[in-house]
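Remarks on the structure that follows.
Excluded from the calculations below are hydrogen atoms, water molecules and symmetry mates; all remaining heavy atoms, backbone and side chain alike, are included.
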Amino acid sequence: MSAHQYDEGHTVAGWTGFAVAIVGSAVLGLGTIMVSAPVLAAGLAVVAVSVLVTWALHLTGWGKPPGRRPREEWGMRVRDSSARDGHPGCVGCRLAGRGRVRSTAVESVPEPVLEPGVGSVVVTGEPEPAGAEAAAR
């Protein structure tokens, strides 16, 4: 039996981003000890780069989608083949413009038409001729 019973999300994207963030945190700590604004700024820049590196690796398939994966995809060296289309519910994929449903046809929505004298809205989209209302009464 394996030591890991659950998909813990061990991915190349996650570990690489973590490693870069650790370096950025160390630089931030050094900047705090030295009381140096340039070193603090450099640490913050490295932490920001860690986010971008993790995002880029996720989009190239080295991350994982939200939620649990099938057991055969638990390995760290398994690349996610569904990353190109985007993962449903994934903020990173939505920021990259992936995972959205794009429709090619634009549907025409009928415009509401006010009935004369009544003030209610008819959503049929087709206005009735003015003479038809008088003839119906």
**Study point:** Asp80 CG to Glu73 CD distance, which is reported to the nearest 0.5 Å
**Key:** 6.5 Å

Point to revise | Approximate separation, where rounding is to 0.5 Å, of His10 NE2 and Phe18 CZ | key: 11.5 Å

Point to revise | Rounded distance [0.5 Å steps], CG in Leu30 versus OG in Ser25 | key: 12.5 Å

Revision key, fill the gap. Side chain to side chain donor-acceptor pair (under 3.5 Å) pairs touching residues 48-59, sequence neighbours excluded, are His58-His87

Exercise for review: Using the rule that two of Ile, Leu, Val, Met, Phe, Trp, Tyr join whenever any of their side-chain heavy atoms come within less than 4.5 Å, decide whether Ile22 and Leu28 are in one cluster.
Suggested key: no

Exercise for review: Please report the closest heavy-atom contact between Glu72 and Val78, naming both atoms and the distance.
Suggested key: O-CG2, 4.0 Å

Review point. Applying the 4.5 Å side-chain criterion to the ILVMFWY set and letting contacts propagate, would Val53 and Leu44 be lumped into a single cluster?
Key: no

Study note, to complete from the structure: Hits for side-chain contact (heavy atoms from CB on, under 4.5 Å) against Arg79, two or more places apart or cross-chain, chain-then-number order -> Thr60, Trp62

Revision key, fill the gap. Closest non-hydrogen atoms of Gly61 and Ala83, given as atom of the first, atom of the second and distance, are CA-CB, 3.7 Å

Exercise for review: Quick one: pull up OG1 in Thr11 and CE in Met76 and give me the separation to the nearest 0.5 Å.
Suggested key: 7.0 Å

Exercise for review: Report whether Leu40 and Val20 are members of the same hydrophobic cluster (ILVMFWY, side-chain heavy atoms less than 4.5 Å apart, transitive linking).
Suggested key: no

Check your understanding: Linking I/L/V/M/F/W/Y whenever any side-chain heavy atoms sit under 4.5 Å apart, do Val47 and Leu57 land together?
Key -> no

